[in-house]
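First listed ligand is number 1; within each ligand, the first listed atom is number 1.
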Amino acid sequence: MQPQTKLQPETVVAPQSARTIKLSARDLSRYYGETVALDRVDLDVHEGEFLTLLGPSGSGKTTLLQTICGLNLPSRGQLMIDGTDHTHTRPEKRGIGVVFQNYALFPHLTVAENIGYPLNVRGIGAREIAQRVGRSLETVGLGHAGNRFPNELSGGQQQRVALARCLVYDPSIILMDEPLSALDRKLREQMQMEIKRIHRETDTTIIFVTHDQEEALALSERICLMRDGRIVQAGTPSEMYDTPNSVFVADFIGISNIFEGQVSDGALDTPDGRLPLPPGRDAAGRGSLVLRPEMMRIDPDGPISGTVTDTIYAGAETRLLVTTASGKEVILRVRSGPIPAVGAAVRIGWDRERGRFLTREV
Ligand SMILES: Nc1ncnc2c1ncn2[C@@H]1O[C@H](COP(=O)(O)OP(=O)(O)O)[C@@H](O)[C@H]1O
Ligand SMILES: [Mg+2]
């Protein structure tokens with residue numbers, strides 16, 4: 001048998017469809033002394049895709065983004081854009097626009113001047129600048145605000161200006177590093193819709209960075225979940241939610257109730273008793289059973305017993321907090337039927353097939 005090498009196609013994180021590849025990273029690494037900020041990343045992004053890099057703080061998201069736009073050079077590996085090697089190309093020659101969390105507008109320039117500034121510096125004529133600035137202001141819904149100063153705008157509007165300043169170049173790739181994390185929830189959700197709309201209307205390839213899994217699920221066509229400089233799993237939002245390949249992914253994306261134990265005779269021996277596993281999972285060894293809150297229900301014949309510690313009404317559903325006999329906190333989503341009172345002794349069940357059994361931690 002051939003030994004697996006890193007460059008075999010099946011090891012590359014690539015979109016399923018046959019759409020044109022816009023950008024590829026191969027074996028991309030970045031070291032800072034002993035720190036491995038980026039660890040042999042292989043990634044293909046297709047043209048017009050909305051891809052999100054998701055991961056906890058320090059997982060390498062910013063480093064990967066900066067390596068793509070050229071603000072940071074990799075220690076090893078290769079970066080291709082449109083089939084050409086751009087590993088060492090100067091940032092301004094890559095055709096990439098970048099939006100950061102700290103959008104740093106010039107306070108003494110108007111909104112229009114802020115957006116036109118980079119074009120001005122490059123010696124582009126006043127008429128063309130005015131046209132392009134006008135167009136990108138329209139795109140972000142600020143057509144009326146060109147003559148205002150940044151301090152006359154709300155945080156959300158300033159973030160729109162930062163987006164317009166990036167769109168004015170007409171970049172074919174836009175990188176966004178946690179652009180919405182400074183905004184409050186309502187504004188953030190508004191801007192998410194806005195960014196989605198701009199993506200639809202412009203066909204730009206967008207690589208978006210966030211540590212917020214809800215934001216990643218809401219925005220992306222594909223999510224790459226990172227940890228310790230590596231992409232640990234990539235897939236559509238529903239693939240990531242429904243079929244996490246490790247306990248880390250199950251825990252990071254959505255809410256998971258995770259029961260650890262030892263497999264014997266098709267069930268998992270845990271501190272909360274013997275729990276049935278999905279069919280075909282009867283090899284001996286240790287592993288974790290992952291149950292999403294919406295899979296579990298109050299069931300007098302269920303295998304787990306516990307006490308209701310809180311009920312949280314949330315409109316269409318009620319979230320139930322149950323502390324199991326072993327002291328574990330479990331979350332259930334109940335959409336119909338009676339809601340047991342706080343303090344009630346309950347049993348919890350689920351459809352055995354729907355549980356997900358994982359043997360990998362990461
Ligand atoms: N300039 C730097 N010097 C030393 N270490 C760095 C530098 N930049 C990033 N790192 C380290 O690289 C790792 C990844 O950082 P980063 O890419 O900023 O992660 P993220 O954006 O996911 O929070 C972290 O351990 C961080 O401390
Ligand atoms: Mg970062």
Taking the basic N atoms (NZ, or NE/NH1/NH2) and the acidic carboxylate oxygens, is any pair closer than 4.0 Å for [X] and [Y]?
X    : Y    : value
D299 : R347 : no
E49  : K22  : no
R19  : E47  : no
D177 : K61  : no
D85  : R26  : no
R319 : E294 : no

Closest approach of any protein heavy atom to [atom], naming residue and atom:
atom                    : result
atom 1 (N) of ligand 1  : Y32 CE2, 3.5 Å
atom 19 (O) of ligand 1 : G60 N, 3.2 Å
atom 11 (C) of ligand 1 : T35 CG2, 4.0 Å
atom 17 (O) of ligand 1 : T63 OG1, 2.5 Å
atom 18 (O) of ligand 1 : T62 CB, 3.8 Å

* To do: Would you check whether A37 has a nitrogen or oxygen atom less than 3.5 angstrom from a nitrogen or oxygen atom of ligand 1?
  =>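 By distance alone, the answer is no.
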* Asked: Mind checking whether K61 has an N or O less than 3.5 Å away from an N or O of ligand 1?
  -> yes
* Does Q157 use its side chain to pair, donor to acceptor, with the backbone of E152 at less than 3.5 Å? -> no
* Asked: Any donor-acceptor pair under 3.5 Å linking the side chain of R135 with the backbone of V168?
  ->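 Such a contact is absent between R135 side chain and V168 backbone.
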* Within-4.5 Å side-chain heavy-atom neighbours: I198 and L163 ->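 With C-beta onward as the side chain, the pair touches.
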* Asked: Would you say atom 22 (O) of ligand 1 touches the protein, meaning some protein heavy atom is under 4.0 Å from it?
  ->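 True for atom 22 (O) of ligand 1.
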* Asked: Right, does atom 26 (C) of ligand 1 have protein non-hydrogen atoms nearer than 4.0 Å?
  -> no
* **Step-by-step side chain to side chain contact (heavy atoms under 4.5 Å, CB included) determination, S136 to I115** => CA-CA 9 Å; S136 62; I115 297 171; 3.8 Å; yes
* Which atoms of ligand 1 are found less than 4.0 Å from any heavy atom of S59? -> 19 (O), 20 (P), 22 (O)
* Asked: Which atoms of ligand 1 sit under 4.0 Å from any heavy atom of P56?
  ->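 Within the 4.0 Å cut-off of P56, ligand 1 contributes 22 (O).
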* Asked: What do the steps show when you test R30 against N72 for side-chain hydrogen bond (donor to acceptor under 3.5 Å, both in side chains), and what is the final call?
  -> CA-CA 9 Å; R30 179 64 163 103; N72 201 329; 2.6 Å; yes
* G58 heavy atom under 4.0 Å from ligand 1 ->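 Heavy atoms of G58 do come under 4.0 Å of ligand 1.
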* To do: Run through the protein N/O/S atoms less than 2.8 Å from the Mg ion (ligand 2) and write them out by chain and number.
  =>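 Result, waters dropped: T62 OG1.
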* Could you check whether the rings of H199 and F50 sit parallel, tilted or perpendicular, using 30° and 60° as the cut-offs? =>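 H199 vs F50 ring planes: perpendicular.
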